[in-house]
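I have placed the structure first, in the form of structure tokens, so that the comments after it can refer back to it.
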Amino acid sequence: MFIETAQCMKTAAVLLSLKDLNRLSVRGGARRLFSSSRCLSAKIRPPPQRREKVEIPGLEMITYGERMHYVPGLSKPVYPVWERSYKDPRYYKSPPAEKMKLYKDTPCYIFNPRSNVLEGVRQAEWLTKTKRISGLPPHLLSLAENPENQLPNQDERVQNAIKHARFWDTTEARPRKERYSNTLLLNLLHLCATLQSSHPAFGRRMLSENCSIAATWRRGEDLFQVRGQNSLLYSSMDPLPEASGKTETAETADHVLETFYPVSPTIDLQKVHVYKEEFNSTGFKDDYPYPHAHTLYFLESADPHFKLLREQFRAKMIMFTFGNALARAHRLYGTQPQRVLDRPITVQAVGTNGRIFQFLVFQLNTTDLSGDDGIKNQMWLDEDVELYDFAKVRPLIKKKQVKVPAGLAGYKPEVFNKFLALYLHGAV
């Protein structure tokens, strides 16, 4: 019976042409030839393994080094490493970490601009020993509500700034986010700066880009550092006033910090053994005329090769705002922990992706961050605030109905009032 079946299969294979097989494969039929049953995909060849060099004591290897050319059957000569008599940075090889001068057995956990912490804002609160308050302080928002502090034709000029960033700044059908977000931020800063004629204190401020920051502190038994570059720093000759009074600051002692056990607070932080223990720097010299950090501006798409989620982006804003305040406190009061600062240090931050804004006000009340008890720092966070709903070059049409018209739609003037309030803080 099996012999007859095999003969029938051979006959069918001969009668079935290649065109028939192609037609069957296109229509979902068989994809294999009847004469073969192996799989059609080949396996990836494993990488070749290096042969181990066996050294026999007392036995000298015969090499072709003296002959100055390759000889089959003879081993390859091993020459000593040639050391240059001069320093060439192209061929520099760093020594092992254990042999470096700054090597220490105790690790240090570093937060850098690319740190993607798991717990986001909660982890930043614990690291900085901070109490979070939703929304911005009411007295700060009232600064932009005063008509004397507003721009003439404010809403129209802000909308033109948005249209310039989204439509007029490029000929592309859809501009890149890293381009229009940066253009929009600079446009809004330029609009705020036009109030300098009525607010002379704006002339005592300066914008700086990509300045480095470093701050060191202890939290429990671990050592932490914030290191990196500020995206855009707005500094001033005069420090910002306190965002809360002494009574509210004293009440923070009763606040209980939120934990995220069993997750470690050091998760996703860079762990290093080569570092300086007391490394604190504001990024400027002692005689810099604008030593006080006023506001930090962050862009979600500043690095096109790296992107953070909004929760982690807000944590980055908190950590770098805290780092600027702590570095300034160490310069004013020394590196010894202070339970309560005589004058709290206030630093602000604004983050955006070109449409959604994050607003932050941070007040450093203490530099004694080792324990969970005592006075806490404070921060006011207003998150995920939309400046407008849509900015379309072409209308969005679904089922022959215009869902979103072309142009700017859904502009919210109260969001720019918050942006302007942070800019006016300290000048009114």
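As a basis for the values below, the full set of heavy atoms in this structure was taken, side chains included, without hydrogen atoms, waters or symmetry mates. What you see is a predicted model; the values in this text were computed from it and never measured.
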Do [X] and [Y] have side chains that get closer than 4.5 Å, going by heavy atoms?
X: V263; Y: Y261; result: no
X: L408; Y: R166; result: no
X: D169; Y: R179; result: yes
X: L184; Y: S181; result: no

Can a donor-acceptor pair be found, under 3.5 Å and without considering hydrogens, that links the side chain of [X] to the backbone of [Y]?
X: N230; Y: N210; value: no
X: E209; Y: L232; value: no
X: Q123; Y: I267; value: yes
X: Q363; Y: S244; value: yes
X: N280; Y: T335; value: no
X: N353; Y: I356; value: yes
X: K392; Y: P405; value: no
X: Q225; Y: K276; value: yes
X: S236; Y: D238; value: yes
X: Q378; Y: L364; value: no

Under the side chain to side chain donor-acceptor pair (under 3.5 Å) rule, collect the residues that match up with [X], sequence neighbours excluded.
X: R205; value: H294
X: T346; value: none
X: E145; value: none
X: T352; value: none

Is there any ring-ring contact (aromatic ring centres under 6.0 Å, His included) pair reaching into residues 367-415, and which pairs are they, with sequence neighbours excluded?
none

What ring-ring contact (aromatic ring centres under 6.0 Å, His included) pairs are there with at least one residue in residues 189-223, not counting sequence neighbours?
H199-F202, F202-Y423, W217-F224, W217-F322

Among all residues two or more places apart in sequence or in another chain, which pass the salt bridge (charged side-chain N to carboxylate O under 4.0 Å, His left out) test with R174?
none

Contacts of H273 meeting ring-ring contact (aromatic ring centres under 6.0 Å, His included) (sequence neighbours excluded), chain-then-number -> Y103

Applying ring-ring contact (aromatic ring centres under 6.0 Å, His included) to Y70 and not counting sequence neighbours gives Y64

Any pair with a residue in residues 350-378 that passes salt bridge (Lys or Arg N to Asp or Glu O under 4.0 Å), sequence neighbours left out, goes on the list, sorted by first then second residue, please.
R219-D372, R339-D368, R355-E386

Under the salt bridge (Lys or Arg N to Asp or Glu O under 4.0 Å) definition, can you give me all pairs with a residue in residues 242-257, not counting sequence neighbours?
none

Cation over ring face, R122 and F260, 6.0 Å, 45°:
no

Relative to Y91, does R84 satisfy both conditions: NZ or CZ under 6.0 angstrom from the six-membered ring centre, and within 45 degrees of the ring's axis?
yes

Keeping to residues at least two apart or across chains, list the side-chain hydrogen bond (donor to acceptor under 3.5 Å, both in side chains) pairs with something in residues 131-140.
E125-R132

Donor + acceptor pair across side chains of S301, E178 (<3.5 Å)
no

N417 vs Q150, test: side-chain hydrogen bond (donor to acceptor under 3.5 Å, both in side chains). Steps then yes/no.
CA-CA 8 Å; N417 288 338; Q150 294 181 355; 4.6 Å; no

Could you please spell out the steps behind the side-chain hydrogen bond (donor to acceptor under 3.5 Å, both in side chains) verdict for D382 and Q358?
CA-CA 6 Å; D382 195 359; Q358 322 285 339; over 6 Å; no

Parallel, tilted or perpendicular: which fits the ring planes of F416 and F419, with parallel below 30° and perpendicular above 60°?
parallel

Could you check whether R314 pairs with D384 (Lys NZ or Arg NE/NH1/NH2 to Asp/Glu carboxylate O, under 4.0 Å)?
yes

Between D268 and L118 the two heavy atoms that sit nearest each other are OD2-N, 3.0 Å

